[in-house]
Amino acid sequence: MEILQVVLLVVLGITSLLLTFLILLHKGRGGGLSDMFGGGMSSNLGSSGVAERNLNRITVILGLVWFATIVALGLITKFQSGV
Amino acid sequence: MFSAVARIFRTPDLRRKIGFTLGIIALYRLGSFIPAPFVDFGNVQACLAQNQGTSGLYELVNLFSGGALLQLSIFALGIMPYITASIIVQLLRVVIPHFETLHKEGQAGQGKLTQYTRYLTIFLGVLQSTTLITVARSGALFGTNSGGECSQLLTNDAWYAILLMVITMTAGTGLIMWMGELITERGVGNGMSLLIFTSISATFPASLWAIWQSRGVETFLLVLAVGLLIVGLVVFVEQSQRRIPVQYAKRMVGRRTYGGNNTYIPIKVNMAGVVPVIFASSLLYLPALIAQFNQPAAGQEPAAWVTWVTNYLTKGDHPLYMLLYFLLIVGFTYFYVAITFNPEEVADNMKKYGGFIPGIRAGRPTAEYLDYVLTRVTLPGSIYLGLIALIPLIALALVGANQNFPFGGASILIIVGVGLETVKQIDSQLQQRHYEGLLR
């Protein structure tokens, strides 16, 4: 159990850093505050290229791994305190 | 109306977009309930139950994250770092000329500004998560005097655990940002504002339930009726605008004629939106925050100014606090309108494309006229904003509801604003296929 937890911790650290990095690589389409609360209608749909689509796929997979690691860590902590 | 709703689901394109949006929102809510690693879930829950309804320092921030902040979940920071970053970048436009030129550059420049905002968001995420975890570790998250379980929120407070929590929460912040952008790109409405909308409305049932429990059915129904009235009023004011007519001169370019039509510049009564309310309340939190850091050890008498601040500026039901809040909001409304709407820029653009306001010369007189109208229209707008923001404080004094009183302040403005915007977008999508939409 101990080893598994350490491994999961390392995985969590690496995936978190990678995830932050990958998200920063995306092209921002937020538009900021200006059209946030009752601004103009400015929805320009840019087509996402192949690179962007691959980036999306990688980010989603990494996000899933990140999420699963956190849940697993939470479960381990719960069982440890329960026993 | 109802046939239009049915038609939304019969339009495959729109159905997919709405489904995508709802899916992301569901993921966002799910994430706000998953505790970050090393957080003692049982203790946090017990502590939350103990401190129900007390208005702590983090009330507004907690509201914006939909209650995720005090649960120390992986999405604890919510959308707040992104909002703060956008506001900062927008304000920096006044200070840094480079930003202003980027802003004027059009599409490419805007993209660069957005990119800056994203980097700043991650930076703020690191900063805020570090603060949050440090406060949680010292046990002061739920106020200084709550002992017992509340001082044992973390299961492990070694340095690597703290570091890992900070990294995880920062990644969570980034993920939320990305989710918001995905909604903007592939769903309906503006993703960021929809996520705030979700967080705020998620706390509605709980606070209404609290009113029912503590005050009985009559007060509950009264609050509900007053709430509906306020929503109606807010929709009315948000939709009202002054339309300044603009004529475009007819131009011949080659064989085609351009222009020659009449349009108008809409000047909304509430041009600033909710931003002044957010500004004012975060500015008013500062004295309370400083006072909390200067709280002396037990048994000692606090300094005179600390007592003064805790007496007058931390609780919302004191008249001085209300007055200050109101004045700050009025001031910030003018400030923010001045930043977002530049009469000279608009007048310049109109001149470039051959437009003019009937009876007023193009160029400087137009800018002056626009400025004059803007100043006059914003006055009722700013007073309205101030009054709406005071509603929860008045409710606090009258009904004894907590500060997150659902029908007032920043929450009602955001809910109505985002709701209107999203419905309008769905409507325009619908009208691409049929003529009859949701709105009349």
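Throughout, a chain's letter reflects where its sequence line sits, starting with A, and its residues are numbered from 1. What you see is a predicted model; the values in this text were computed from it and never measured.
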Asks: Count the heavy-atom pairs under 4.5 Å between each of B/Ile74, B/Thr170, B/Thr121, B/Leu182 and chain A, then report the option with the highest count.
Replies: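 Maximum pair count with chain A is reached by B/Ile74.
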
Asks: On a heavy-atom basis, which atom in B/Lys424 and which in B/Gln239 lie closest, and how many Å separate them?
Replies: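 Result for this residue pair: NZ-OE1, 3.6 Å.
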
Asks: Does any backbone or side-chain atom of B/Leu27 lie under 4.5 Å from a heavy atom of chain A? Answer side chain, backbone, both or neither.
Replies: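 Contact with chain A is absent: no heavy atom of B/Leu27 under 4.5 Å.
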
Asks: Does any heavy atom of chain B fall under 4.5 Å from the side chain of A/Phe21, the backbone, both, or neither of them?
Replies: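 For A/Phe21, no heavy atom lies under 4.5 Å from chain B.
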
Asks: Specify the closest pair of heavy atoms between B/Thr184 and B/Asn190, including all atoms of both residues, with the distance to one decimal.
Replies: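 It is OG1-C, 4.0 Å.
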
Asks: Heavy-atom distance under 4.5 Å between the side chains of B/Gln115 and B/Tyr119, does that happen here?
Replies: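 The answer is yes, as the side chains (C-beta and beyond) meet within the 4.5 Å cut-off.
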
Asks: Quick check on A/Leu24 against chain B: is it the side chain, the backbone, both or neither that has a heavy atom closer than 4.5 Å?
Replies: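 Both backbone and side chain of A/Leu24 come within 4.5 Å of chain B.
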
Asks: Would you mind checking which part of A/Leu18 comes under 4.5 Å of any heavy atom in chain B, side chain (CB onward), backbone (N, CA, C, O), both or neither?
Replies: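 When you check distances to chain B, no heavy atom of A/Leu18 falls under 4.5 Å.
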
Asks: Any side-chain donor paired with an acceptor under 3.5 Å for A/Ser16 and A/Trp66?
Replies: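 Yes, A/Trp66 and A/Ser16 have a side-chain donor paired with an acceptor closer than 3.5 Å.
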
Asks: If I measure from the heavy atoms of chain A, does B/Thr168 come under 4.5 Å with its side chain, its backbone, both, or neither?
Replies: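 For B/Thr168, backbone and side chain are both near chain A.
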
Asks: Side chain from CB out, backbone as N, CA, C, O: work out which of these in B/Leu164 comes under 4.5 Å of a heavy atom of chain A, or both, or neither.
Replies: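 Just its side chain gets close to chain A.
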
Asks: Does atom CD1 of A/Ile3 have more than 12 heavy-atom neighbours from other groups under 6.0 Å away?
Replies: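 No, CD1 of A/Ile3 has 12 or fewer neighbouring heavy atoms, counting only those of other groups under 6.0 Å.
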
Asks: Do B/Tyr384 and B/Glu238 pair up side chain to side chain, a donor and an acceptor below 3.5 Å, judged on atom types alone?
Replies: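 Yes - a donor-acceptor pair under 3.5 Å links their side chains.
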
Asks: For A/Ile23, which atoms come within 4.5 Å of any heavy atom of chain B: side chain, backbone, both, or neither?
Replies: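 Both backbone and side chain.
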
Asks: Is the distance between the ring centroids of B/Phe33 and B/Phe75 under 6.0 Å?
Replies: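 Centroid distance B/Phe75-B/Phe33: not below 6.0 Å, so no.
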
Asks: Would you mind checking which part of A/Leu17 comes under 4.5 Å of any heavy atom in chain B, side chain (CB onward), backbone (N, CA, C, O), both or neither?
Replies: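 Contact with chain B is through both the backbone and side chain of A/Leu17.
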
Asks: Where do B/Ile34 and A/Phe67 come nearest, in terms of heavy atoms and distance?
Replies: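 Shortest heavy-atom separation between B/Ile34 and A/Phe67 comes out as CD1-CZ, 3.3 Å.
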
Asks: Looking at A/Leu73, A/Leu19, A/Thr59, A/Leu8, which has the largest count of heavy-atom pairs under 4.5 Å with chain B?
Replies: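 The option with the most such pairs is A/Thr59.
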
Asks: For chain A, find which of B/Pro266, B/Ala171, B/Gly180, B/Pro37 contributes the most heavy-atom pairs closer than 4.5 angstrom.
Replies: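 Looking at each option in turn, the highest pair count goes to B/Ala171.
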
Asks: Is it the backbone or the side chain of B/Met177 that comes under 4.5 Å from a heavy atom of chain A, or both, or neither?
Replies: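 Interface part for B/Met177: side chain.
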
